[in-house]
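Each ligand, and each atom within it, is numbered from 1 in the order the structure gives.
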Amino acid sequence: MNLADYKVVKSLLEPIGFSFKKSLGQNFLIDSSVCPAMAEYSADKNTGVLEIGPGIGVLTVECAKVAKKVVAIELDKRLEAVLNKTLADYDNAEVVFGDALKLDLASLIKEKFSECERVAVCANLPYYITSPLIMKLLESKLNIDSITVMVQKEAAERLCAEVGSRDAGAVTAACAYYSQPTLLFEVDRYSFMPPPNVDSAVIKLDILKEPPVKVKDEKFFFSIIKACFAQRRKTLLNTVSNTLKIDKSKISDALTQMGKEQSIRGEVLTLEELATLSDLLC
Ligand code: SAM
């Protein structure tokens, strides 16, 4: 059964009267080249794969073919009967019903993948949770090697951008702090059923053993990053003092020590410069 075939998807969903929920980011893949490639990038026979949002299981089965084990978290219980059918031949695939944003992923990984040498996240993400989910995966410091995910093309460009470049945002800095990001390939909107309004891309975040910069206080470092990107059109001096209630003279002194103009905007700082600023202000 080719789960990426439009007719097969219809034949599985019509009998259960399934209607796609936009609010759950339900755009199912109907391009048979994408999932095998994603699975190859994420896993080998010793890897445990954590998938978010299996839908009818199109990526789940490809991961199950190459990985030791796959655990897929799905929010929509209406898909249970379909998944029971499509995953029936894969003893190493299991579905957990719940909200990936709310579940305790560290405990789930510990419980499900104890016999795997490494764990990787692989998913065609529901786009409405892209940033919070990626932040959760990174900030929880899970015992994972990599995150290979399909996201909106613009989000992919942002996540993989150079920190300090025009495309960067707060989430870019978080990605660069925790991982080595790579944009793998693009996928056009007509590879999905129903087609979304935007094209997509698959990215891989290889988790770093050590962050590339050392900071005195990681929590404060991330609040500085968020403040720098909070009001992009304002100067760093104004946005950081407004957001974090830090005295302007203290920020001004820090900028002078760093050899930066007082009129600089936060978004142009590199990761190293954000780390220096954070250490000077904390
Ligand atoms: N993997 C399938 C594919 O590639 O065709 C489906 C991908 S679809 C873009 C996103 C999937 O995530 C849907 O099955 C949706 O029900 C599920 N989903 C949405 N929000 C979720 C959440 N908070 N936690 C877990 N799954 C969620």
Evaluate whether atom CG of N143 has more than 12 neighbouring non-hydrogen atoms of other residues, nucleotides or ligands under 6.0 angstrom away.
no
Could K68 and E115 be called an ion pair, given the rule that one side-chain N must be under 4.0 Å from one carboxylate O?
no
Hey, is V58 touching ligand 1 through its side chain, its backbone, both or neither, going by heavy atoms under 4.0 Å?
side chain
Check each atom of ligand 1 against the heavy atoms of I73 and keep those under 4.0 Å away; list them by number with element.
25 (C), 26 (N)
Candidate with minimal heavy-atom separation from atom 8 (S) of ligand 1, of C122, G25, P126:
G25
For atom 20 (N) of ligand 1, what is the nearest protein heavy atom, given as residue, atom name and distance?
Y128 OH, 2.8 Å
Side chains of E267 and S165: is there a donor and an acceptor less than 3.5 Å apart?
no
Counting heavy atoms under 4.0 Å, the part of P54 that contacts ligand 1 is backbone
Axial cation check for F97 ring with K77, 6.0 Å and 45° limits
yes
A student comparing M150, E74, K77 should find that the heavy atom closest to atom 13 (C) of ligand 1 comes from E74
Are K153 and D199 ion-paired here, with the side-chain N under 4.0 Å from a carboxylate O?
no
At what distance is the nearest protein heavy atom to atom 1 (N) of ligand 1, and which residue and atom is it?
G53 O, 2.8 Å
As a check for students: among A100, P196, P132, identify the option with a heavy atom nearest to atom 24 (N) of ligand 1.
A100
Check this for me: K136, atom NZ, are more than 12 non-hydrogen atoms of other residues, nucleotides or ligands nearer than 6.0 Å?
yes
S200-E186 side chain donor-acceptor pair, cut-off 3.5 Å:
no
Atom 4 (O) of ligand 1: nearest protein contact (heavy atom, Å)
N124 ND2, 2.7 Å
Check: F20 ring centre within less than 6.0 Å of F18 ring centre
yes
Tell me whether S241 contacts the main-chain N or O of N238 through its side chain, where contact means a donor paired with an acceptor under 3.5 Å.
yes
Closest non-hydrogen atoms of K141 and E218, given as atom of the first, atom of the second and distance, are NZ-OE1, 2.6 Å
Among all protein heavy atoms, pick the one closest to atom 27 (C) of ligand 1 and tell me residue, atom and distance.
L75 CB, 3.7 Å
Candidates T60, D99, I52; heavy atom nearest atom 23 (N) of ligand 1 found on D99
By number and element, which atoms of ligand 1 are closer than 4.0 Å to a non-hydrogen atom of Q26?
13 (C), 15 (C), 16 (O)
At under 4.0 Å between heavy atoms, is it the side chain or the backbone of F192 that contacts ligand 1, or both, or neither?
neither
Looking only at protein heavy atoms, what sits closest to atom 5 (O) of ligand 1 is L29 N, 2.8 Å
Can you list the atoms of ligand 1 that are under 4.0 Å from a heavy atom of G98?
24 (N), 25 (C)
For A39, does its backbone N or O pair with a side-chain atom of E62 as donor and acceptor, under 3.5 Å?
no
Around atom OH of Y190, are there more than 12 heavy atoms of other residues, nucleotides or ligands at under 6.0 Å?
no
For E51, the atoms of ligand 1 under 4.0 Å from one of its heavy atoms are 1 (N)
Within reach of ligand 1, part of K21 (heavy-atom separation under 4.0 Å)
neither
Under 3.5 Å, N or O to N or O, is I56 touching ligand 1 that way?
no
Taking atom 19 (C) of ligand 1 as the reference point, the nearest protein heavy atom with its distance:
L24 O, 3.1 Å
So the atoms of ligand 1 within less than 4.0 Å of a heavy atom of D76 turn out to be 16 (O)
